[in-house]
Structures are given as structure tokens and as C-alpha cells.
Amino acid sequence: MGYALFSQRKQVLDAELTCAQLQQTQRSNEQFQLATEQAGLKQQLSSLAAGQAGELASLYEELSNTTDSDQRLTINDKIKQKEQDFKKSTDDINRQCYEVSIKEQAIEMEVKRLDTVVTTLKDQLDAVQQAEGQGIQNAIPKFGGIS
């Protein structure tokens, strides 16, 4: 009777451990995907800034070479529009980066929790296996929930 309980407990612990390890792997994959997304957003922001700098430099050069006041007003409007577009784009990307960062932090906390669960389950499984090897009668009081 005692051996069956130890065997059953081992199976339950094995199943729980496998499940926790699978969740751990899934969360680690999610963490990697979010880190990749974050890097892509930062690259996008960098590219946007470089493109914006080039466009503005061109417009400022055009502005400095223009003496016609109507053309200068048109160029100034283009500059203002480019700056507004750039600000909106960078704000959007920064918001996305923040959202990804929040998700990353939540997953990191989940991974740490799962690390603890996996360690605990491994310890329990080792203890059950050792207890089984030492003799069922001596180990039953150690695991009161097994009776």
C-alpha cells in the first residue's frame, strides 16, 4: 500500500515538474521574443531619427538658399510638419517600447516564480525518491500528506 502511494506521488510530482518546466520554456521564449521586439523598435527609432535628420537638413539647406518669402513660408511649414510627424512617430514607438518593457517585466517575474516552483518540485521529487529507497515505513511521517 505504501509503495503505491509513493509511486503515485512520484508520478504527480513528475507531471507537475514537466508542466512547470514547459511553462518556464514558454515564458523564456516569450521573453526572447519581447527582447527581439524591443531591439527592433529601438532600431526603428534610430532609423527614423537618422531619416528625419537628413530630411530636415535638406529642408534647412533649401530654406537658407531661398529668398522668396512665399517659398520660405512653404518650407517652414514643411519643417514644422516633419517635426510634428517625427514627434508623433517617436512617441508611438516609445509607447510601444514601454508596453513591451512592462510585458517583459511581468514575464521575468513569472519566470522567477517558475524557477522557484521547479526547484521546489525537484526537491520534493528527490526527497520522495530518496525516501522510497530508504524504506517506505521510515519516510511516511516525513510526508504527512501522503498517508
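As a basis for the values below, the full set of heavy atoms in this structure was taken, side chains included, without hydrogen atoms, waters or symmetry mates.
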Fill in: Euclidean distance, Leu41 CG relative to Cys97 SG, rounded to 0.5 Å
4.5 Å

Discussion item. I'd like to check the salt bridge (charged side-chain N to carboxylate O under 4.0 Å, His left out) partners of Arg72; sequence neighbours left out, ordered by chain and number.
Written reply: none

Worksheet item: Rounded to the nearest 0.5 Å, how far apart are SG of Cys19 and CD of Gln23?
Response: 4.5 Å

Worksheet entry | Approximate separation, where rounding is to 0.5 Å, of Glu61 CD and Ile75 CD1 | 10.5 Å

Worksheet item: Would Leu34 and Ile93 show up in the same hydrophobic cluster when neighbours are defined by side-chain heavy atoms closer than 4.5 Å?
Response: yes

Discussion item. Tell me every residue that passes side chain to side chain contact (heavy atoms under 4.5 Å, CB included) with Asp115, counting only those two or more places apart in sequence or in another chain.
Written reply: Gln24, Val111

Worksheet item: Looking only at atom types and distance, does a side-chain atom of Thr74 sit under 3.5 Å from a main-chain N or O of Asp70, one as donor and one as acceptor?
Response: yes

Worksheet item: Checking Thr36 side chain against Phe32 main chain: does a donor-acceptor pair fall under 3.5 Å?
Response: yes

Response to the item:
Sorted by chain and number, sequence neighbours left out, salt bridge (charged side-chain N to carboxylate O under 4.0 Å, His left out) with Lys82 holds for Glu55

Practice prompt. Return the minimal non-hydrogen interatomic distance between Gln21 and Lys122, and the atom names on each side.
Written response: NE2-CE, 3.6 Å

Fill in: Least distance between heavy atoms, Leu114 atom then Ala20 atom
CD2-O, 4.2 Å

Response to the item:
Nearest heavy-atom contact between Leu121 and Leu13 is CD2-CD2, 3.8 Å

Worksheet item: Do Asp123 and Thr119 have side-chain heavy atoms sitting under 4.5 Å apart?
Response: yes

Practice prompt. With sequence neighbours left out, write down each residue that passes side chain to side chain contact (heavy atoms under 4.5 Å, CB included) with Ser101, or none if nothing qualifies.
Written response: Gln38, Gln105

Worksheet item: Hey, mind stepping through Lys87 and Asp91 against side chain to side chain contact (heavy atoms under 4.5 Å, CB included) and telling me if it holds?
Response: CA-CA 6 Å; Lys87 180 171 179 8; Asp91 287 349; 3.0 Å; yes

Response to the item:
CG of Leu59 to OG1 of Thr66, rounded to nearest 0.5 Å, is 10.0 Å

Worksheet entry | Check: Arg9 and Val12 side chains under 4.5 Å, non-hydrogen atoms | yes

Worksheet entry | Residues forming a side chain to side chain contact (heavy atoms under 4.5 Å, CB included) with Glu83, sequence neighbours excluded | Gln52, Leu56, Tyr60, Ile79

Discussion item. For the CG atom of Leu125 and the CD atom of Gln11, what is their distance to the nearest 0.5 Å?
Written reply: 11.5 Å

Discussion item. Salt bridge or not between Glu99 and Lys103? Use side-chain N to carboxylate O under 4.0 Å.
Written reply: no

Discussion item. Once salt bridge (charged side-chain N to carboxylate O under 4.0 Å, His left out) is applied, do any residues pair with Glu30, and if so which ones, sequence neighbours excluded?
Written reply: Arg27

Fill in: Straight-line distance of Glu110 CD to Gln26 CD, nearest 0.5 Å
10.5 Å

Worksheet item: Would you say Asp85 and Gln81 make side-chain contact, with heavy atoms under 4.5 Å?
Response: yes

Worksheet item: Is the side chain of Ser47 donor-acceptor paired with the backbone N or O of Gln44 at a distance under 3.5 Å, no angle test?
Response: no

